[in-house]
There are 2 protein chains.
Amino acid sequence: MDAWTEVLQDTGMDPRLDRDTSNCSIARTLEIVGEKWTILILREVWYGSSRFSDFERVLGCPRNLLATRLRMLVEEGILATETYKEPGSRSRPKYVITPKGMDLVPAVMGLLQWGDRYRADPEGPAVLARHRECGARVDVQVRCERGHPVQAKDIESVPGPAFRLRSSE
Amino acid sequence: MDAWTEVLQDTGMDPRLDRDTSNCSIARTLEIVGEKWTILILREVWYGSSRFSDFERVLGCPRNLLATRLRMLVEEGILATETYKEPGSRSRPKYVITPKGMDLVPAVMGLLQWGDRYRADPEGPAVLARHRECGARVDVQVRCERGHPVQAKDIESVPGPAFRLRSSE
DNA sequence: AGCTTGAGTTTAATTTTAGATACTCAGCCA
DNA sequence: TGGCTGAGTATCTAAAATTAAACTCAAGCT
C-alpha cells in the first residue's frame, strides 16, 4: 500500500483522482508567473533591464500589458520599485528584483535548460549562464536533503500536511 | 566592459536591449508548456495518472482542451501513448512520460518549491516530493559545472553562440 | 440487435488577451 | 510659457482561448 492509499482506506474514493487540487503549489505559482509576458519580464530583469522603456524596447510588449504585469509583480513582492535620476531629467521609477523574485530563478533556469537542450538553434543557446566566481556554466539539479543527486524517476510524491479530498457535494 | 558590451563595440546599439529575443530558450519552452493545462497534465502524470478519464476527473479540464493538449505533448515527444486493457473492455490508449518529459522535472519542481515557500496553506504543502531510496525531501538547486552551489545573485548571463541582434529594417 | 463505456470530436457561445492608437501628466529646460 | 521625455492610462477592435453541451465511434457484453 502506497502513501496515497494509506490516507484513505475506507472510502471508495481514489486519493490521487479525488483530491482537492486547489491548494497545489504548482498551480498557485502559475497563477502569478503563468501569464504571457510575466516570465519574459523577469528574464529581462535578470539580464539587466530595469526601466519601463527597456522592457518595452526589448520585449515589444504593448505598454498597457507591460504596466499591468509590472504592477502585479510589485504587488506580489517579486519586483520592487526604486527611483533613478538621469542628469537633467526628473526622478523616475525603476524595477529591481527582490529576494522573493530571486527565488524564482531555479524554476526559470529549469525552463531555460530544457529549451537549451531540446529547442536551441544549431549553433547553441542565445544566452549562457555562468557562475560569476569561477566562470563555469550553471545548471539546475534535483537533490535530496542529504545532498544526493536525484533522478526524476527516483522522486516519489506523497500527500503532505495540507492534503485533502475534493468535497463531493 | 562586460561580456555584452564586448560583442558590439562600434554600433550604437545596446546588445541587451536590441538583441533578437526570438531564439530565447525560455520563450521556446514556454511555447510548449506555457499553455494553461499543460503543466497540470504533466503534474498528474507524475502523480500517477495515465488515462484520459483520469485527467478529466482530477483536473476538471474540458475534454476538447485535454485532447488537444495531450496530442501536442505526444507530438512534442514529452508523452507517449501505450495501450492498456481492462478485463472485459477493449484496448484503450494511455499516456506515459518519456525521458524528454522527465527532463522538465527540474523546471516544474522549481515552480512547486516556490509555491511551497510563498503560497502554501498554513499547514504546509499539499504534496511532498521525497527521494525514493532515502525518504528525504528533494529540492532543486542551482549548481555550477564544478558542483558548487550557486546563489541566484552569483549567476552571470552572457551572450551565447546563437546571440544575435534584432535586424533593424 | 441493442446497450454501455472510454475516448474522443464538433459546435457554438462566452470570456480573456492581445495589440494599436491616442491621450495624460509631471517635472526639467530653454 | 511652451516643448520635451519617460512612464504610464484609456479606449477600442480583433484574435484567441475557454467552456459547456451535444454528438460520434468502436469494441465488448447481454
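Predicted model only: the values in this text are computed from it and were never measured. Every heavy atom of this structure was used, including side-chain atoms; hydrogens, water molecules and symmetry mates were not. Below, read A as the first sequence line, B as the second, and so on, with proteins coming before strands; counting in each chain starts at 1.
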Per-nt protein contacts along nucleotides 8-16 of chain C (heavy atom under 4.0 Å; B base, S backbone sugar-phosphate only, - none) come out as BBBB-----
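Taking for each of A/Gly60 and B/Lys94 the nucleotide of DNA chain C with the nearest heavy atom, the 5'-most of the two is the partner of B/Lys94.
Taking atom CZ of residue B/Arg90 and atom C1' of nucleotide D/dC25, one finds them 7 Å apart after rounding to whole Å. Atom CD of A/Glu56 and atom P of D/dG6 are 11 Å apart (whole Å). B/Glu86 has its CD atom 15 Å from the C1' atom of C/dT4, to the nearest Å. Across the protein-nucleic acid pair, A/Leu66 atom CG and D/dT9 atom P stand 10 Å apart, rounded to whole Å. For the pair A/Arg51 CZ and D/dA7 P, the computed distance is 7 Å after rounding to whole Å. The distance between atom CD1 of B/Ile41 and atom P of C/dA7, rounded to the nearest whole Å, is 14 Å. A straight line from CE of A/Met72 to P of C/dT17 spans 11 Å, rounded to a whole angstrom. Distance, B/Arg92 CZ to D/dC25 C1': 10 Å, rounded to whole Å.
Side-chain contact between A/Trp114 and B/Arg28 is absent, with no heavy-atom pair separated by less than 4.5 Å. No side-chain heavy atom of B/Trp37 sits less than 4.5 Å from a side-chain heavy atom of B/Leu66.
Sorted by first then second residue, the salt bridge (charged side-chain N to carboxylate O under 4.0 Å, His left out) pairs that include residues 75-88 of chain B, not counting sequence neighbours, are A/Arg119-B/Glu76, B/Arg51-B/Glu86.
Taking only side-chain nitrogens and oxygens, B/Arg69 comes nearer than 4.0 Å to OP1 or OP2 of D/dT18. Taking 4.0 angstrom as the limit, B/Lys36 places a side-chain polar atom (N or O) nearer than this to OP1 or OP2 of D/dT19. Within the structure, every side-chain polar atom (N or O) of A/Ser89 is placed at least 4.0 Å from both OP1 and OP2 of D/dT5.
Here A/Glu145 does not pair with B/Arg137 in a salt bridge; the nearest charged N to carboxylate O distance is not below 4.0 Å.
Heavy atoms from other residues, nucleotides or ligands lying under 6.0 Å from CZ of A/Arg117 number 12 at most.
Judged by distance alone, the side chain of B/Ser157 and the main-chain N or O of A/Tyr47 form no donor-acceptor pair under 3.5 Å.
The side chain of A/Leu65 approaches C/dA18 more closely than any other nucleotide in the set D/dA7, C/dA18, C/dA7.
Nucleic acid contact for A/Tyr84: sugar-phosphate only, since backbone atoms but no base atoms lie under 4.0 Å from a heavy atom of the residue.
Note that OG1 of A/Thr5 and CZ of A/Arg16 are 6.5 Å apart. Values are rounded to the nearest 0.5 Å.
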